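This structure is a prediction, so every number in the text was calculated from the model and none was measured. Naming convention: chains lettered A, B, ... in sequence-line order (proteins, then strands); numbering from 1 in each chain.
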There are 2 protein chains.
Amino acid sequence: MIDVVLIGHGNVGSHLARVFKNTEGIQLRQIFSTRKIENDAALEEIRTNRLSKISSKAAVYILAVPDDKISSISKKLLLKEKLVVHTSGSASIQVLSNKNRRGVFYPLQTFSKGTPVNFKEIPVCVEAHKIEDLLILLKLGNLISEKASKISSKERSEIHLAAVFINNFVNELYHISEDIMKKHTLDFDLLKPLIKETANKIQRLTPAQAQTGPAKRNDNKTIERHLEQLEDKSQKSIYTLLTESILKR
Amino acid sequence: MIDVVLIGHGNVGSHLARVFKNTEGIQLRQIFSTRKIENDAALEEIRTNRLSKISSKAAVYILAVPDDKISSISKKLLLKEKLVVHTSGSASIQVLSNKNRRGVFYPLQTFSKGTPVNFKEIPVCVEAHKIEDLLILLKLGNLISEKASKISSKERSEIHLAAVFINNFVNELYHISEDIMKKHTLDFDLLKPLIKETANKIQRLTPAQAQTGPAKRNDNKTIERHLEQLEDKSQKSIYTLLTESILKR
């Protein structure tokens, strides 16, 4: 049984709380949150709103807090020599206060409060300085996911960069296409099945195999017409750069 | 009963052939393809490899051929005053020879041969000059999909432009993130659940609601570090442009 204390109940924290609570072999001992946890009496019961009241009996303390709070909160903890980890994709393991044993427990997914996710499929990237701590984190990761693995801070920062491309930047392309549709009073919903299938295709094909369209087939007539259709300067630049990026391959 | 002849058995044609064959109210009379149709004896039986042998008895002739072949093939057809439509997202209705009644039957999806799709969910954009023809195409569209609607050539070209952003350009971002992962000998598969959830999120949230990440929260430290991590000039420019595009919102 792994005894866990969770610090934070935001996007990541609320999902971790749920999966920890429902997984055999994990005991969620306590959760720190300044706000009341609605709709979950069992969680609310183990909630504390004071860092000073956090139990010193757990095996792992998980900080599911914003990146810029990791350092200060880890310093405020009245714990010593315990295993304290953060859940950030981009923060280094060094950000944590060194009065405790440090580690990382990073679930590679985008979370929205209230939308359930299947943790079994989510890669969990773990890191620790000591081998015993690494084993504890791998064990915890393997209890909730089929894809827990050891990833260094350096590797994690590359993964996080790649994730910005396929998540934040992809979402910005959705936003631009919504702008285009709205401008011509067309319904963005028309594009949703295509959005879904574009992501599904990549589950079985490589990006190279999945590519189609005017840039891929070197169709300059269509590319020129598209650039004429676009009036917004920034949209034009993005179209040009991504078209060139495809053409170069 | 709508009598249909299908010209072409590529990515789009093969999917239309399957759904037409399996839909009550549609009679797939003939299919033109120069190549033998493997694994489907019923389709192979109604196949012809000569345009001159195409029946003149159908209500609709659907050209599922590459954009640059639409004009020449529509001219070669030994038909007159029949309803002949293409399936292209970007070609105008005018590209078709005017010796027949012209139209468009555009299923808004990315198709790969051999991967089944659920046509019920796919928007079908139809267009015709005559109201009677429009009604035939809407009826045909409604038989295979829940989302058939009248879309003009002008509107279709805007939809196609928006589709390039959410399909071709999104796929290029997948490709760049695969490059980043490979460069650091990391497994691209780690990102696949995130790719899927990014697309799923947009089915229920707007792009504005779904956005997260360093640009959204104005986290300049992370943005600068990411730009240092990227060595490729083109990747740097794409990162900068898309970050600015998010920051501006």
Exercise. Is there a donor-acceptor contact under 3.5 Å linking the side chains of B:Glu172 and A:Ser245?
Worked result: yes
Exercise. Is the NZ atom of A:Lys139 crowded by more than 12 outside heavy atoms at less than 6.0 Å?
Worked result: no
Problem set entry | Under 4.5 Å from any heavy atom of chain B - which part of A:Asp189 | neither
Exercise. Hey, what's the ring geometry for A:Phe169 with B:Tyr239, parallel, tilted or perpendicular (30° and 60° as the breaks)?
Worked result: perpendicular
For this session: Could you tell me which non-hydrogen atom of A:Glu155 sits nearest to which non-hydrogen atom of B:Leu186, and how far apart they are?
Result: O-CD1, 3.8 Å
Problem set entry | Interface residue of largest heavy-atom contact number with chain B, from A:Ser237, A:Gly213, A:Pro193, A:Ala163, under 4.5 Å | A:Pro193
For this session: Give a yes or no answer on whether the side chain of B:Gln229 reaches the backbone of A:Ser157 with a donor-acceptor pair at less than 3.5 Å.
Result: yes
Exercise. So, do A:Leu190 and B:Lys147 sit near enough that their side-chain heavy atoms are less than 4.5 Å apart?
Worked result: no
Exercise. Between B:Leu242 and chain A, which part of the residue has a heavy atom less than 4.5 Å away: side chain, backbone, both or neither?
Worked result: both
Problem set entry | Considering all heavy atoms, the nearest B:Ile166-A:Leu173 contact | CG2-O, 4.1 Å
Exercise. Between A:Arg225, A:Glu244, A:Lys216, A:Gln203, which residue shows the highest count of heavy-atom pairs closer than 4.5 Å to chain B?
Worked result: A:Gln203
Exercise. Roughly how far apart are A:Arg249 CZ and B:His175 NE2, rounded to 0.5 Å?
Worked result: 3.5 Å
For this session: Could you tell me which non-hydrogen atom of A:Phe165 sits nearest to which non-hydrogen atom of B:Ser177, and how far apart they are?
Result: CB-CB, 4.2 Å
Exercise. With a 4.5 angstrom heavy-atom cut-off, which part of A:Lys201 approaches chain B: side chain, backbone, both or neither?
Worked result: side chain
For this session: Identify the residues of residues 86-94 of chain B whose heavy atoms come closer than 4.5 Å to a heavy atom of chain A, ordered by number, or report 'none'.
Result: B:Ser90
Exercise. In this structure, are over 12 heavy atoms from other groups packed under 6.0 Å from B:Lys248 atom NZ?
Worked result: yes
Exercise. Charged N to carboxylate O below 4.0 Å: is that the case for A:Lys183 and B:Glu158?
Worked result: no
Exercise. Which of the residues B:Asn11, B:Val170, B:Asn118, B:Thr185 is involved in the greatest number of heavy-atom pairs with chain A at under 4.5 angstrom?
Worked result: B:Val170
For this session: Hey, could you give me the CG/CG distance between A:Leu108 and B:Leu194, rounded to the nearest 0.5 Å?
Result: 6.0 Å
Problem set entry | B:Gln235 side, atom CD; A:Leu161 side, atom CG - distance, nearest 0.5 Å | 8.0 Å
Exercise. Taking NZ, NE, NH1 and NH2 as the nitrogens, is one of them in B:Asp67 or A:Lys221 under 4.0 Å from a carboxylate oxygen of the other?
Worked result: no
Problem set entry | Pick from A:Gln109, A:Arg204, A:Lys196 with the largest number of heavy-atom pairs that fall under 4.5 Å of chain B | A:Gln109
Seminar exercise, completed: Turns out that what part of A:Thr222 lies under 4.5 Å from chain B's heavy atoms comes down to side chain
For this session: Pick one of side chain, backbone, both or neither for A:Ala215, based on which atoms fall under 4.5 Å of a heavy atom in chain B.
Result: neither
Problem set entry | Contacting moiety of B:Pro214, where chain A heavy atoms sit under 4.5 Å | both
Problem set entry | A:Val164, part contacting chain B, at a heavy-atom distance under 4.5 Å | side chain
Exercise. Can B:Lys192 and A:Glu121 be said to form a side chain to side chain contact (heavy atoms under 4.5 Å, CB included), step by step?
Worked result: CA-CA 10 Å; B:Lys192 289 186 174 175; A:Glu121 292 176 3; over 6 Å; no
Seminar exercise, completed: Note: vs chain A, highest number of non-hydrogen pairs under 4.5 angstrom among B:Asn200, B:Leu230, B:Asp219 is B:Leu230
Exercise. Using a cut-off of under 4.5 Å for heavy-atom pairs, which of A:Ile176, A:Ile202, A:Ile159 has the most such pairs with chain B?
Worked result: A:Ile202
Exercise. Name the one of A:Asn167, A:Asn168, A:Asn171 that satisfies side chain to side chain donor-acceptor pair (under 3.5 Å) with B:Thr198?
Worked result: A:Asn167
Exercise. Would one find more than 12 heavy atoms of other residues, nucleotides or ligands at under 6.0 Å from atom NZ of A:Lys120?
Worked result: yes
Exercise. Do the charged groups of A:Arg217 and B:Asp68 touch, with an N to O distance under 4.0 Å?
Worked result: no
Exercise. If you count heavy-atom pairs under 4.5 Å between each of A:Asp179, A:Ile151, A:Ile122, A:Val117 and chain B, which one has the most?
Worked result: A:Asp179
